[in-house]
Amino acid sequence: MAASTLAGSPWLRIRLLPEVHPLLRRTLSVRAASASASASASASASASASASADSDPVRVRFAPSPTGNLHVGGARTALFNYLFARSKGGKFVLRIEDTDLERSTKKSEEAVLSDLAWLGLDWDEGPDVGGEFGPYHQSERNLLYKQYADKLTESGAVYRCFCSNEELEQMKETAKQMQLPPVYMGKWGTASDADIQQELEKGTPYTYRFRVPKEGSLKINDLIRGEVSWNLDTLGDFVIMRSNGQPVYNFCVTVDDATMQISHVIRAEEHLPNTLRQALIYKALGFPMPSFAHVSLILAPDRSKLSKRHGATSVGQYKEMGYLPQAMVNYLALLGWGDGTENEFFTIDNLVEKFTINRVNKSGAVFDAVKLKWMNGQHLRSHPPDVLIKSFENRWKDAGILQESQSSFAKEAAELLKDGIDLITDADAALSNLLSYPLHTTLRSNEAKSVVQDKLSEVASGLISAYDNGELCGALAEGRDGWQKWVKFFGKSLKRKGKSLFMPLRVLLTGKLHGPDMGGTVVLIHKAGACGVVTQQSGFVNLDERFRILKEVDWESLVMEQEAESAVPASP
């Protein structure tokens, strides 16, 4: 029987017996009236997916397989489903597709659910919260799949196939020699009842195959890609149930989406080829098809498919690296979507308000780890100041850099360093760097040559005098105001200002060429030496030790070394 005629099949109208799965009975009674309206009577078996009416409730689903970690691509798919449901006042359903019994694990399932919860994507129905359309594990729905397969067999849409693996391989080889698509060409689609009964009596294993029309086409109107069509003669009759009783992916997904009344299927473009088979099954079951939207893949910088060889790819990895869920959600939303403005900073509430499926791009989006880290910094600094400072303080205490988390030093350090920190885990290195004094390494770097040769020794001499006579420490004890007054006076005494003053002072006092505000840095270094909150293992070099190191610098030898290096011609 052609798939295009199945929606009005008599079996859809019969009364189901009490032993039939209650979900099957409920779903058919709800949808039988709409089944015939969704079917096409076209002999060509062409069809189009009809979008749910505006008045129909929006129900979307995210259906991960618990065979590994939640990939960022899967997380983005879940996010788009979540945003679509919330923006439409609909339901977001979580379904676990665990029919791959060998690879599915409870640990992976728990990790996926944990990552989704961390991202803030709360679901309305699912394995842990229940719902009207459960169970929400595919492994618990096998009875339902078997009953639908039997009903399709009764209607003629599906038949038993007793072909052995050897026969199937031979068909593929024959098709290859005839330069035809490797579609099923066996006898069981037209076998007599007697032949079928004979195999059943022999106990021959069989699969259930879906009967595909031999000509015509099928099309859907994808919400992202527009019209997509397939020729049916390239498909061949396909298996929906294996000989061991396990349903095939395309069959159970269709049954699940139909019986759970999913209105919109938003998923990755790699599932687009599956849509042909699923659309045919929808028609044969008499269910109206959902609207489909296939999102492009996330690409690596080289525009290949993002994989482990490109670095971290799972949500859990980014969580462990110190990324914020708000930043991950914001960044994932912008991989293929935008609100039409230049704005790139969104909270999840903003995204719910702005999200529309028609603004999702058809082209692949490149995952940029640098951009993600920058965005994390934006969200980190959007935290209330007291919350941000507290998180830094606790981290420094836990890392063994500070003796105690709550101190005026920790607060001032957090205020000074926060603008240069994009990951909370970077806070340790930022403070440790501030407390260190790599003067000799810096002085011998190529970048420091111009500073050294700008009479840096003269600035060092004046600075040492100011430290020895107590002027500098007295100014630093007064805080930033004291520093600013002193540095202005010091600059006048050397007839220096601007970069020619502050760059030499940065190198001499911090031992570095770059860093946060120098006045705040030097005041903080002075405070660290006075308050005793910094631990010994932090690598802190106090001012006394810094000036001892500074006094030992042989400026004449250093300048001569640099001049000699400059005189050596570069290697070809």
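Using a 4.0 Å cut-off between charged side-chain N and carboxylate O, R86 and D122 make a salt bridge. Between E109 and K106 there is a salt bridge, since at least one side-chain N of the basic residue sits less than 4.0 Å from a carboxylate O of the acidic one. Between D426 and R395, none of the side-chain N atoms (NZ, or NE/NH1/NH2) sits under 4.0 Å from a carboxylate O, so this pair counts as no salt bridge. Between D237 and K214 there is a salt bridge, with a side-chain nitrogen of the basic residue lying less than 4.0 Å from a carboxylate oxygen of the acidic one. Residues K390 and D386 are not paired through a salt bridge, judged by the lack of any N-O separation under 4.0 Å between the basic side chain and the carboxylate.
Annotation: the span from D222 atom CG to S291 atom OG amounts to 9.5 Å, rounded to 0.5 Å. Taking CD of E227 as the start and OG of S229 as the end, the distance is 6.0 Å to the nearest 0.5 Å. Rounding to the nearest 0.5 angstrom, the gap separating the CG atom in D124 from the CG atom in L94 is 10.5 Å.
Between the side chains of S65 and R103, not a single donor N or O lies within less than 3.5 Å of an accepting N or O. Side-chain contact of N231 with T234: a donor-acceptor pair under 3.5 Å is absent, judged by distance alone.
Checked against the 6.0 Å centroid threshold, F162 and W188 count as a close aromatic pair. Note: Y208 and F210 fail the aromatic proximity criterion, with ring centroids not under 6.0 Å apart. Under the 6.0 Å cut-off for aromatic ring centres, Y331 and Y323 do not qualify, their centroids lying 6.0 Å or more apart.
Among L79, I96, L116, the single residue meeting the side-chain contact (heavy atoms from CB on, under 4.5 Å) criterion with F62 is L116. Across R61, R141, R59, a single residue satisfies salt bridge (charged side-chain N to carboxylate O under 4.0 Å, His left out) together with D256, and that is R141.
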Next item on the list: List the steps and the verdict of salt bridge (Lys or Arg N to Asp or Glu O under 4.0 Å) for R267 and D257.
Entry: CA-CA 13 Å; R267 58 188 180 186; D257 285 344; 5.2 Å; no
Exercise for review: Show your reasoning for whether ring pair (Phe, Tyr, Trp, His ring centres under 6.0 Å) applies to F346 and W337.
Suggested key: CA-CA 12 Å; F346 296 93; W337 175 87; 5.7 Å; yes
Practice prompt. Report the C-alpha separation of T341 and N343 in whole Å, then their side-chain angles, then the decisive distance to 0.1 Å, and conclude whether the side-chain hydrogen bond (donor to acceptor under 3.5 Å, both in side chains) test is met.
Written response: CA-CA 5 Å; T341 71; N343 183 32; 5.0 Å; no
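R381 has its side chain within reach of D422: a pair of non-hydrogen atoms, C-beta onward, lies under 4.5 Å apart. Counting only heavy atoms from C-beta outward, the side chains of V366 and R303 approach each other to under 4.5 Å. In this structure, the side chains of V158 and R209 stay at 4.5 Å or more apart for every pair of heavy atoms. Contact check for R160 versus T153: side-chain heavy atoms found under the 4.5 Å cut-off.
Of all heavy-atom pairs between T425 and G322, the closest is CG2-CA, 4.0 Å.
Residue N358 places its CG atom among more than 12 non-hydrogen atoms of other residues, nucleotides or ligands, all under 6.0 Å distant.
Looking only at distances, a side-chain donor or acceptor of R211 sits under 3.5 Å from a matching main-chain atom of G189. In this structure a side-chain-to-backbone donor-acceptor pair under 3.5 Å is missing from E353 to N350. Y136 contributes a side-chain N or O that, together with a main-chain N or O of F133, makes up a donor-acceptor pair within less than 3.5 Å. At least one donor-acceptor pair under 3.5 Å links the side chain of Q317 to the backbone N or O of S314. A donor-acceptor pair under 3.5 Å links the side-chain atoms of S104 to the main chain of D100, judged by distance alone. No donor-acceptor pair under 3.5 Å is formed between the side chain of Q326 and the backbone N or O of H379.
With sequence neighbours excluded, the residues that form a side chain to side chain donor-acceptor pair (under 3.5 Å) with D98 are S139. Partners of K418 under the salt bridge (charged side-chain N to carboxylate O under 4.0 Å, His left out) rule, at least two apart in sequence or in another chain, are E415.
Relative ring orientation between F292 and Y282 is described as perpendicular, the plane-to-plane angle rising above 60° on a 0-90° scale split at 30° and 60°.
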